[in-house]
Amino acid sequence: MKKVYVGMSGGVDSSVTAALLKEQGYEVTGVFMKNWTQDLPGFPCPWKEDFNDAKRVAVQLDIPFKVYDFQKEYAQKVVDYMLDEYRAGRTPNPDIMCNQEVKFKLFLAAALDDGADMIATGHYAKTIDGRLLRAADDNKDQTYFLYRVTHEALQKTLFPLGEFASKEDVRKEAKRLGLATATKKDSQGICFVGKVGIREFLSQYVTTKPGNIIDDLGRTIGQHDGAIFYTIGQRKGLGIGGGLPCYVTGKDMDKNEVYVTRDITSNNLWTESTKLVDVHWITSEPVSGNTYQVRTRHRAKLEAATLLFEESKWNVIFKDKLRAITPGQSIVVYDNNEVLGGGIVI
RNA sequence: UGGGGCGUGGCCAAGUGGUAAGGCACCAGUUUUUGGUACUGGCAUUCGCAGGUUCGAUCCCUGCCGCCCCAG
């Protein structure tokens with residue numbers, strides 16, 4: 001009987017994951033990863049609540065329950081990474097880093113060390129022979145967040161929810177199983193900051209100064225309270241009225257300037273190609289010159305793009321120009337249903 | 001201080017005698033395990049100010065204030 005350690009966050013998805021595996025005959029142990037516990041002014045960190053929910057479900061399922069404390073590593077690998085990227089003027093994706101560094105590295109290692117044969121999470125994805133495949137439910141597919149997980153880690157991972165046709169089915173399953181978390185609301189936003197906006201979070205760690213908002217004709221048309229808060233394609237929060245909406249097209253951290261356009265078709269907003277850094281390919285790299293499907297943000301539709309390896313860098317040439325391709329964000333490459341890997345926009 | 005034009009919510013902007021369109025911004029909500037996007041809803045008892053005409057004025061008249069343009 002295989003021993004599986006299931007990462008239980010206290011949400012429905014991981015609860016169902018644990019329950020299903022147990023039902024399938026695995027020897028399941030629930031593990032709550034304690035990654036972040038700090039409160040922010042006005043926003044208590046929800047970790048305790050989540051912990052209680054996870055524990056509650058473990059008791060219901062009558063499975064062993066453990067807590068792994070990764071706070072130190074999480075702060076370093078995820079939060080510091082995120083802050084550094086923002087300071088550098090890029091827009092990072094901390095959840096991708098969390099999967100790479102914490103869930104599918106630290107957690108996996110600790111679980112194996114504890115005697116586990118496999119780990120499992122409530123991600124909507126499939127894995128076969130250490131390959132990563134899109135979830136059956138295209139609407140919930142979370143492979144975008146998982147492209148940096150290694151082949152070796154995937155070989156020891158189970159994603160039971162990948163076969164579900166919809167989130168509704170997962171909820172039904174949770175109800176059928178009578179899980180305490182069956183009706184718990186889905187979490188959104190960066191996992192560790194909970195309900196807090198990224199803006200409030202960053203404010204705690206960086207000092208910011210007001211600066212100019214400049215349009216494509218070089219005119220200063222407004223003021224912002226810190227370039228770090230803005231990202232490419234952003235519309236809200238600029239406070240500029242009159243005429244058409246404004247979208248951020250770029251920023252200069254040294255000058256503390258934010259650039260915008262009112263022209264939704266502006267070339268500053270639409271990109272036809274980009275280079276990737278820190279690429280990660282799960283089993284093998286793409287064939288240079290071939291066309292694949294890429295995803296430039298979670299839940300964005302797959303877009304055709306040609307991958308070209310030139311001057312030691314992977315270039316992505318989109319079939320159609322894409323909106324708001326943002327440095328620091330990830331582009332994930334798909335070969336039909338399989339995730340080949342991806343990289344970070346330079 | 002001669003001529004012309006304008007002043008509608010934070011911004012842009014319709015209306016022009018019958019009781020304030022629309023867009024942007026903003027706020028709220030929905031969607032979303034990143035940022036962001038998108039979607040839905042809310043948002044001027046009031047039209048620079050003061051008088052007058054009228055049953056009734058943002059719309060007509062007078063004066064004042066402010067702004068712009070052309071002449072200078």
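Chain letters run A, B, ... following the sequence lines, proteins first, then strands; residues in each count from 1.
For the C1' atom pair drawn from G72(B) and A44(B), the interatomic distance equals 41 Å after rounding to whole Å. The separation of G52(B) from G41(B), taken at their P atoms, amounts to 43 Å, rounded to a whole angstrom. Atom C1' of G23(B) sits at a distance of 16 Å from the matching atom of G15(B), rounded to the whole Å. Separating the C1' atom of G42(B) from that of G51(B) is a span of 37 Å, rounded to the nearest Å. Taking atom P in both U54(B) and G66(B), the straight-line distance is 31 Å, to the nearest Å. Straight-line distance between the C1' atoms of A14(B) and G2(B): roughly 33 Å, to the nearest whole Å. To the nearest whole angstrom, the two C1' atoms, one in G48(B) and one in U58(B), are 12 Å apart. Spacing between U62(B) and U40(B) at atom P, rounded to whole Å, works out to 47 Å.
Thr326(A) comes within 4.0 angstrom of a nucleotide base, judged by non-hydrogen atoms across all strands. Using a 4.0 Å heavy-atom cutoff across all strands shown, Tyr230(A) reaches no nucleic acid atom at all. Counting non-hydrogen atoms under 4.0 angstrom, Gly239(A) reaches the backbone sugars and phosphates but no base. Using a 4.0 Å heavy-atom cutoff across all strands shown, Lys167(A) reaches no nucleic acid atom at all. Nucleic acid contact for Gly237(A): sugar-phosphate only, since backbone atoms but no base atoms lie under 4.0 Å from a heavy atom of the residue. The residue Ile96(A) sits apart from the nucleic acid: no heavy atom pair falls under 4.0 Å.
Classified by interplanar angle (parallel below 30°, tilted 30° to 60°, perpendicular above 60°), the ring pair Phe159(A)/His123(A) is perpendicular. Between Trp314(A) and Trp281(A), the ring planes lie perpendicular to each other; the angle is over 60°, past the 30° to 60° tilted range.
If you take CZ of Arg299(A) and C1' of U30(B), they are 12 Å apart, rounded to a whole angstrom. For the pair Leu244(A) CG and A13(B) P, the computed distance is 12 Å after rounding to whole Å. One interatomic measurement links the two molecules: CG of Leu202(A) to C1' of G36(B), which rounds to 14 Å at whole-angstrom precision. Spacing between atom CG of Asp141(A) and atom C1' of U34(B) amounts to 15 Å, rounded to whole angstrom units. Put simply, CG on Asp215(A) is 15 Å from C1' on C24(B), counting in whole angstrom units. When the P atom of U34(B) is taken as reference, atom CD of Glu85(A) falls 18 Å away, rounded to whole Å. Regarding Ile325(A), its CD1 atom lies at a distance of 13 Å from the C1' atom of G35(B), rounded to whole Å. In this structure, Gln234(A) atom CD and U34(B) atom C1' are separated by 13 Å, rounded to whole Å.
Put simply, Tyr147(A) has no side-chain N or O that comes within less than 4.0 Å of OP1 or OP2 on U34(B). The phosphate of A38(B) has OP1 or OP2 within less than 4.0 Å of a side-chain N or O from Arg235(A). The side chain of Lys140(A) places an N or O atom within less than 4.0 Å of a non-bridging phosphate oxygen (OP1 or OP2) of U33(B). Contact between the side-chain N/O atoms of His123(A) and the OP1/OP2 oxygens of U33(B) is not found at any separation under 4.0 Å.
Nearer the 5' end of RNA chain B, as judged by each residue's closest nucleotide, is the contact made by Gly242(A), out of Gly122(A) and Gly242(A). Each of Gln142(A) and Arg323(A) has a nearest nucleotide on RNA chain B; the 5'-most of these lies closest to Gln142(A).
When the shell of 6.0 Å around CZ of Arg262(A) is examined, it contains more than 12 heavy atoms from other residues, nucleotides or ligands. Counting non-hydrogen atoms of neighbouring residues, nucleotides and ligands closer than 6.0 angstrom, the NZ atom of Lys77(A) reaches no more than 12 such neighbours. Within a 6.0 Å sphere centred on NZ of Lys3(A), other residues, nucleotides and ligands contribute 12 heavy atoms or fewer. With a 6.0 Å radius and a threshold of 12 heavy atoms from other residues, nucleotides or ligands, Lys156(A) has its NZ atom at or below the threshold.
In this structure, the nucleotide among U34(B), A38(B), C24(B) sitting nearest to the side chain of Tyr247(A) is A38(B). Closest approach to the Phe145(A) side chain among U37(B), U33(B), G35(B) is made by U33(B) (side chain taken as heavy atoms from C-beta onward). Of the candidates U37(B), U34(B), U31(B), U37(B) carries the atom nearest the Lys236(A) side chain, counting heavy atoms from C-beta on.
Helical stems involving RNA chain B, defined as 3 or more consecutive Watson-Crick or G-U pairs under 3.5 Å, span B:2-7 with B:65-70, B:10-12 with B:22-24, B:26-30 with B:38-42, B:48-52 with B:60-64.
Of the residues listed (Glu85(A), Arg297(A), Gln329(A)), the one engaging Asn93(A) in a side-chain contact (heavy atoms from CB on, under 4.5 Å) is Gln329(A), and it is the only one. Checked against Tyr334(A) for a side chain to side chain donor-acceptor pair (under 3.5 Å), the options Arg295(A), Arg134(A), Gln293(A) give a single hit: Arg295(A).
For the pair Lys251(A) and Tyr230(A), the cation does not sit on the ring face, since its NZ or CZ is not both under 6.0 Å from the ring centre and inside 45° of the axis.
The ring pair (Phe, Tyr, Trp, His ring centres under 6.0 Å) test applied to His298(A) returns Phe145(A), not counting sequence neighbours.
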